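Reviewing the structure listed below.
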There are 2 protein chains.
Amino acid sequence: MFYEQGYHATGVATILREAGVNSGTMYHFFPSKEALLVGVLAWYRDNLWPEVLTPAEHQAADPIGRVFALMALYRLGMEMTGCTMGCPIGNLALELSDNHPAVRELIDLNFRNWIAGVRGWLESAGDRLPPGTDLDALAGFVLTAMEGGIMRSRAAGDLAPFDESVAQLRAYFDLLEQAASAAKGSPR
Amino acid sequence: MFYEQGYHATGVATILREAGVNSGTMYHFFPSKEALLVGVLAWYRDNLWPEVLTPAEHQAADPIGRVFALMALYRLGMEMTGCTMGCPIGNLALELSDNHPAVRELIDLNFRNWIAGVRGWLESAGDRLPPGTDLDALAGFVLTAMEGGIMRSRAAGDLAPFDESVAQLRAYFDLLEQAASAAKGSPR
DNA sequence: GAGCGGCTTGAATGATCGTTCAATCAGGCA
DNA sequence: TGCCTGATTGAACGATCATTCAAGCCGCTC
């Protein structure tokens, strides 16, 4: 629900009703609403691989193909919910990064883990990318494009901006691969 | 304040105190808090050119240079506020796009106007971009990269992710310009 | 079966939320 | 001067916010 409608917009009473739990029980395990959010973000941190990255790996064997399989996974999520849900982390990042240090830290960690996963794929793309490519920055740019694309699609209420963003990212990768093969053809 | 800390996190009482206004006065002009937000977004819509795009034009004469001057402008805003403020629209886009149709519409309009401005610059770049380039999609991708970069920088509490994203976008433009000049050199 | 501890109950708390409205004010016009 | 209208005042409203806690429950061991 944090993910769906935001942290402040989600009341504790609603959470309790939906979970079929009494307030005292929740507060027995979580000292505050913020601690509950931290628990959610910790769950995302622990389940990034089994729930997100591994499924993308099963969709494609090709390392760069996996990057776009990952994008397609998020697209599917948006499609099923009519552009109301995008990235569980991104929504909270803008709402809570200031004034909630513990939360910001976990959000950042989630982002860094995501980037590290993509970076791993890019590494195994080997010489298909130009020599000396900054793989961290490129993997980070994949996240940038995804989050930006999701934001625009939610604002538009339409998947088109997301699809366009993915297409542009693909064009960028195509140009990088071209440049790599050109450099390979004439190494000096 | 909506922009700084979000819509739900900003109480009407705080707005009134900060503005030195009584509740009755505000409700005389705005029927609700949401109407006030709509007013803010309408102000952004009307002041996008004088406050944002024109200043970027004054920073650079080169059309593609203007794109990156615009990015630098947003960077400056983040730098001055310690990564707490990014794009006034983006924050609200993720918080309110669902369940607030009138707000979503205005956010989308702001985005479209922004993209149209960038698209105008790209048009005047002429044959520096490959023939047949989808300028709308490319201008939209600039917004995607900016919003995504801002989100990551706010999550990290550091400008580095934004800078990296801009650098990647620059690399993309460089490759496009290369491709354009290559196509020009051997048109057939 | 007495006693203990982890868990659950749910009404109640004070604070804050967005909003209302009768009363008052100030300026322009007749 | 008297009147009208639009703007302003600010106390008060009910709803909802996150949170508390005394009391009770259940399953365990001794």
Side-chain angles (χ1 to χ4, degrees), chain A residues 1-46 84-85 88-107 110 155, chain B residues 1-46 84-85 88-107 110 155:
Chain A
M1 299 177 72
F2 289 151
Y3 160 27
E4 208 172 328
Q5 40 183 301
Y7 177 73
H8 287 105
T10 304
V12 173
T14 318
I15 298 174
L16 297 172
R17 191 184 330 116
E18 211 73 12
V21 159
N22 288 96
S23 62
T25 303
M26 191 203 99
Y27 278 94
H28 179 73
F29 293 98
F30 298 94
S32 69
K33 182 187 177 188
E34 182 171 330
L36 185 64
L37 173 65
V38 167
V40 171
L41 289 171
W43 187 91
Y44 282 130
R45 183 237 298 140
D46 297 335
T84 63
M85 295 198 196
I89 313 295
N91 306 4
L92 300 167
L94 291 188
E95 190 182 353
L96 301 168
S97 279
D98 324 320
N99 314 326
H100 291 78
V103 174
R104 208 221 80 234
E105 198 74 43
L106 261 171
I107 289 173
N110 269 285
Chain B
M1 299 178 72
F2 288 152
Y3 159 27
E4 207 173 329
Q5 41 184 298
Y7 176 73
H8 286 105
T10 305
V12 172
T14 318
I15 298 173
L16 297 172
R17 191 184 330 118
E18 212 73 13
V21 159
N22 288 97
S23 62
T25 303
M26 190 202 100
Y27 278 94
H28 179 72
F29 293 97
F30 299 94
S32 69
K33 182 187 177 186
E34 181 170 333
L36 186 65
L37 173 66
V38 167
V40 171
L41 289 171
W43 187 91
Y44 282 130
R45 184 236 298 139
D46 297 335
T84 63
M85 295 198 196
I89 313 296
N91 305 6
L92 300 167
L94 291 188
E95 190 181 353
L96 302 168
S97 279
D98 323 320
N99 314 324
H100 292 79
V103 174
R104 208 221 80 235
E105 199 73 44
L106 262 172
I107 289 173
N110 269 286

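Predicted model only: the values in this text are computed from it and were never measured. Below, chains carry the letters A, B, ... as their sequence lines are ordered, and counting in each starts from 1.
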### Task
Give a yes or no on whether the backbone of B:R45 and the side-chain of B:N110 come within a donor-acceptor separation of less than 3.5 Å.
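Yes; judged by distance alone, with no hydrogens or angles, the pair exists.
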
Tell me the interatomic distance from [X], atom [atom1], to [N], atom [atom2], rounded to whole angstroms.
| X | N | atom1 | atom2 | value |
| --- | --- | --- | --- | --- |
| A:Y27 | D:dT20 | OH | P | 7 Å |
| B:M26 | C:dT20 | CE | P | 10 Å |
| A:Q5 | D:dT16 | CD | P | 15 Å |
| B:H28 | D:dT8 | NE2 | P | 7 Å |
| B:N22 | D:dA12 | CG | P | 15 Å |
| A:R17 | C:dT9 | CZ | C1' | 18 Å |
| B:H100 | C:dG18 | NE2 | P | 12 Å |
| A:L16 | D:dT19 | CG | P | 11 Å |

#### Entry: Pairwise side-chain contact, A:Y3 with A:I89, heavy-atom cut-off 4.5 Å (strictly under)
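No; the side chains remain at least 4.5 Å from each other.
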
### Message
Need to verify one output field. Residue with the more 5' nearest nucleotide on DNA chain D, A:G24 or A:G11?
### Response
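Here A:G11 is the residue nearer the 5' end.
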
### Query
When the nearest nucleotide of DNA chain D is assigned to A:A9 and to A:P31 on a heavy-atom basis, which residue is associated with the more 5' position?
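The residue mapped nearer the 5' terminus is A:A9.
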
### Query
Would you say the base of C:dA11 and the side-chain of A:S23 have a donor-acceptor pair closer than 3.5 Å?
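Pair found.
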
### Message
To the closest 0.5 Å, what do you measure between CG (B:N99) and CZ (B:R104)?
### Response
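Spacing of CG (B:N99) from CZ (B:R104) equals 12.0 Å.
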
### Message
Classify A:T14 by what it touches in the nucleic acid, base, sugar-phosphate, or nothing, heavy-atom distance under 4.0 Å.
### Response
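Answer is nothing: A:T14 stays at 4.0 Å or more from every strand.
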
### Message
Checking contacts here: which listed nucleotide (D:dA7, D:dC17, D:dT19) is nearest the side-chain heavy atoms of A:A13?
### Response
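So the side chain of A:A13 is nearest to D:dC17.
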
### Query
Taking the six-membered ring of A:Y7, is NZ or CZ of A:K33 closer than 6.0 Å to its centre and within 45° of its axis?
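Yes, a cation-pi geometry.
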
